Number of protein chains: 2
Amino acid sequence: MESVAPRTSSARSRPATAEDVARLAGVSRSAVSRTFTEGASVSEATRQRVVEAARALKYRPNLMARSLMTNRSFMVGVAVSHLDNQFYPEVVEQLSDQLGAIGYRVLLFITHGNTELDPMLDELLRYRVDALILASSSLSSALAEECRQGGVPVIMFNNTDLANRTPAVAGDNTHGAAMAADFLWAAGHRRFGFIAGIEESSTSREREAGFKDALRRHGADRPMRACGHFTFDGAMAATRQLLSAPTPPEALFCTNDHMALAAIEVARSEFGLTPGRELSIVGFDDVAIAAWPGFQLTTYSQPVAHMVARTVGLVKDALAGTKDGQCHHIIQGDLIVRASARRPATGIVRTPEGQEIWRRA
Amino acid sequence: MESVAPRTSSARSRPATAEDVARLAGVSRSAVSRTFTEGASVSEATRQRVVEAARALKYRPNLMARSLMTNRSFMVGVAVSHLDNQFYPEVVEQLSDQLGAIGYRVLLFITHGNTELDPMLDELLRYRVDALILASSSLSSALAEECRQGGVPVIMFNNTDLANRTPAVAGDNTHGAAMAADFLWAAGHRRFGFIAGIEESSTSREREAGFKDALRRHGADRPMRACGHFTFDGAMAATRQLLSAPTPPEALFCTNDHMALAAIEVARSEFGLTPGRELSIVGFDDVAIAAWPGFQLTTYSQPVAHMVARTVGLVKDALAGTKDGQCHHIIQGDLIVRASARRPATGIVRTPEGQEIWRRA
DNA sequence: GCCGATTTTGCATACGGATGCACTTTGCTG
DNA sequence: CAGCAAAGTGCATCCGTATGCAAAATCGGC
């Protein structure tokens, strides 16, 4: 019988290994390895031969195998709850770019706001990611501790973990929300509405506290409050609830842009209100859509590129073993003034980039 | 000298290995391995002891090491050009979910529409991904061939590669664009505008051909044309160009929603036109924002979940070695009728889900 | 209680590449 | 040209897991 079929050209051949390259180049495996290892000692002559042989065989070092020895996978796990909030695609894109620039790839992981995501993260850790970035997701203190012991740095993004001292990078929630309050107060508003995100989220809580404390300092009444759960539909419902009240608020602060955009939509389409005239709306994040002509959302910016840069910096430090003293890294933003909220008489300045921002008196 | 410092509890200890677990459980490494291998032969007794020991040591199988043996990394490379077009975050999220459901993780990779992305994909292949999904990105035929020989299935998403017969999943570009043309014609429009995406893109070309052919069948004049490069700013400029013409078009077809939304913004804010009244605008994709009250974009839908399901199906088949006869998989959508374009007198039906769609007479 | 059939189990090896070590080659100085 | 330091090289070993094979244990049936 002729069970051994001749290998056709379409036969899926195994990729070339360092061994193959070494044989073709007439050197040892070590030489090949060193050729592809930054800073290893190889003569120019052998390097050339190896490179040539490698190209001929279409050799590509197997990073899985390499990671076994080096204990570095050059992958970073990124957990993000959703991608429908426009903020997070920007974050993911920046993370991918900036991590890519230092040789790391993103192993993506979407949690769907699942509170019980430990089992999934657990699986992610099997991939031996070099670090874990949790964008708006959190993990149990047990798993966090396990990561620490296992030498996997965990960094939270746009969310902080008060109980456990996990390093975190976030916008200046308290300051930003206070700015929003001050801004609306300066514009002459006296009846406020507030739309919360997820009740348990540190982000939402800090923004709520910042907003309310600032209002209190001005002697304002407590704002009306509804919860939008950081979702578009939730924010639509919350907006309806607030605007349907007997004496609806004149000014609305939403804990993120995603919800602020929902509020604008509902105010316009269901209540006939023009944001910036009959109703002021302020958001938080400054996503790209906020600048669209049809929204012109006034919002406190979270400079994604800076925040990600800091995050990547923390990853690098942690990987280099540098001890990180400071735990929570707060990145300042600006209150970007557009048209969705009434403008105060004073305090608006124009940046060199042509953006209008508000400075407290 | 006391060079050997006592290990503090905060010392970053190496994660437990199968060896450690075996020792604690009093069995061999093989037993541990088999316990964590689906369908391997282990007695219930030893399995229990291993599981217990594993839990005690917080053992997690090292997938890197496993992939060395099995030649499976359980990672799929996903290349996407941008995340600012709202369509792609939806795609990435679905891919992550549906691949996750069958045990695969997404190694993300953002190409920025870079035409020369071979070097980057090349790097991605070092990670020995089990498959490569190219969402709106393409790779050279040389690299495609290399992947095929290396046994790495490549699947294109929402983009096809005419020259090389790379398997692809896409919406029904020709049919969808023709539907848009027929719909606008049926609504009584006679002067058309067309906004192209990236000139080289198969997606844009097919939609352009479908649109123009259908118009020709109706005996319409050639539409005015501008190129928006699939970007928001590009589409804004293109819209300005078309609407500034001496006799501007009455109806605009944009090759995706991202650009259609830009067109709506420009029409409203710069030309004072109300979409659906003085100007009809039709898009392609049916992204979430298209349904927002402020846009109400009429558009041909690309059912992301179905498209991704098919894509994942192709990945599974390819990995199982099933030969895939059909190369291009076209997924049907519907023309979702909203308010951004004038409605024809006939043909609009309501789906059980409460969505209005248009059926050609 | 014995024997053959079936599971379990451990041993040894393989996967692909990095690296300490000892050895060889090269380069440079006097 | 000798002598020595520095650079380059190959060998052997290791990383953490899967798996074929043969030995051992278990099982069932008489």
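No hydrogens, no waters, no symmetry mates; every other heavy atom, side chains included, goes into these values. Chain naming here is simple, since letters A, B, ... match the order of the sequence lines and numbering starts at 1 in each. Computed from a predicted structure; not experimentally measured.
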Rounded to whole Å, CG of A/Leu57 lies from P of C/dG17 at a distance of 12 Å
When the side chains of residues 93-108 of chain B are checked against the rest of the protein, which donor-acceptor pairs come out under 3.5 Å, sequence neighbours left out?
unit_1	atom_1	unit_2	atom_2	d
B/Glu93	OE1	A/Leu83	N	3.1
B/Gln94	OE1	B/Gln98	NE2	2.9
B/Asp97	OD1	A/His112	NE2	2.8
B/Asp97	OD2	A/His112	NE2	2.7
B/Gln98	OE1	B/Ala309	N	3.3
B/Gln98	NE2	B/Ala305	O	3.3
B/Tyr104	OH	B/Arg72	NH1	3.2
B/Arg105	NH2	A/Glu123	OE1	3.0

B/Glu19 CD to C/dT13 C1': how many Å, rounded? 15 Å
Flag, side chain of A/Ser73 to backbone of A/Arg128, donor-acceptor distance under 3.5 Å: yes
Closest to the B/Leu68 side chain: D/dT17, C/dT19, C/dC15? C/dC15
I want to confirm an ordering. Mapping B/Met69 and A/Ala45 to their closest nucleotides on DNA chain D, which one lands closer to the 5' end? A/Ala45
If you fit an axis to the five pairs at each end of the helix from C/dG1-D/dC30 to C/dG30-D/dC1, how big is the angle between those two axes, to 10 degrees? 20°
Would you say a side-chain N or O of A/Tyr59 is under 4.0 Å from OP1 or OP2 of C/dG17? yes
A/Glu38 CD: over 12 foreign heavy atoms closer than 6.0 Å: no
Say whether, by atom type as modelled, one donor and one acceptor occur between the side chain of B/Thr203 and the main chain of B/Asn158 under 3.5 angstrom. yes
Would you give me the side-chain donor-acceptor pairs under 3.5 Å for residues 15-23 of chain B, sequence neighbours excluded?
unit_1	atom_1	unit_2	atom_2	d
B/Thr17	OG1	B/Glu19	N	3.2
B/Thr17	OG1	B/Asp20	N	3.4
B/Glu19	OE1	B/Arg29	NH1	3.4
B/Asp20	OD2	B/Thr17	N	2.9

What I'd like to find out is whether the side chain of B/Leu24 reaches to under 4.5 Å of the side chain of B/Leu57, using heavy atoms alone. yes
Figure out the CG/C1' separation between B/Leu63 and D/dG16, and round it to whole Å. 11 Å
Within residues 26-35 of chain A, find the residues that approach DNA chain C with a heavy atom at under 4.0 Å, and present them sorted by residue number. A/Arg29, A/Ser30, A/Ser33, A/Arg34
Could you tell me whether the phosphate oxygens of C/dG16, OP1 or OP2, come under 4.0 Å of any side-chain nitrogen or oxygen in B/Tyr127? no
Round to a whole Å and report the spacing from CZ of B/Arg14 to C1' of D/dC15. 10 Å
Nucleotides 6-8 of chain C: which of its N/O atoms have a protein N/O under 3.5 Å away?
unit_1	atom_1	unit_2	atom_2	d
C/dT8	OP2	B/Ser41	OG	2.9

Atom CG of A/Asn62 to atom P of C/dA14: distance rounded to whole Å? 18 Å
Residues in salt bridge (Lys or Arg N to Asp or Glu O under 4.0 Å) contact with A/Arg47, at least two apart in sequence or another chain: none
So, the side chain of A/Arg34 versus the backbone of A/Val42: is there a donor-acceptor pair under 3.5 Å, distance only? no
Does the B/Asp130 side chain pair with the main chain of B/Val76, one donor and one acceptor, at a distance under 3.5 Å? no
For B/Met64 and D/dC15, what is the distance between atoms CE and P respectively, to the nearest whole Å? 18 Å
So, B/Thr111 side chain and B/Ala79 main chain: donor-acceptor pair closer than 3.5 Å or not? no
Given atom CZ of A/Arg60 and atom C1' of C/dG17, what is their separation to the nearest angstrom? 16 Å
Side-chain H-bond candidate by donor/acceptor type, A/Glu44 with A/Gln48, under 3.5 Å: yes
To the nearest Å, how far apart are A/Arg49 CZ and D/dG8 P? 15 Å
Donor-acceptor check, side chain of B/Tyr127 to backbone of A/Phe74, threshold 3.5 angstrom: yes or no? yes
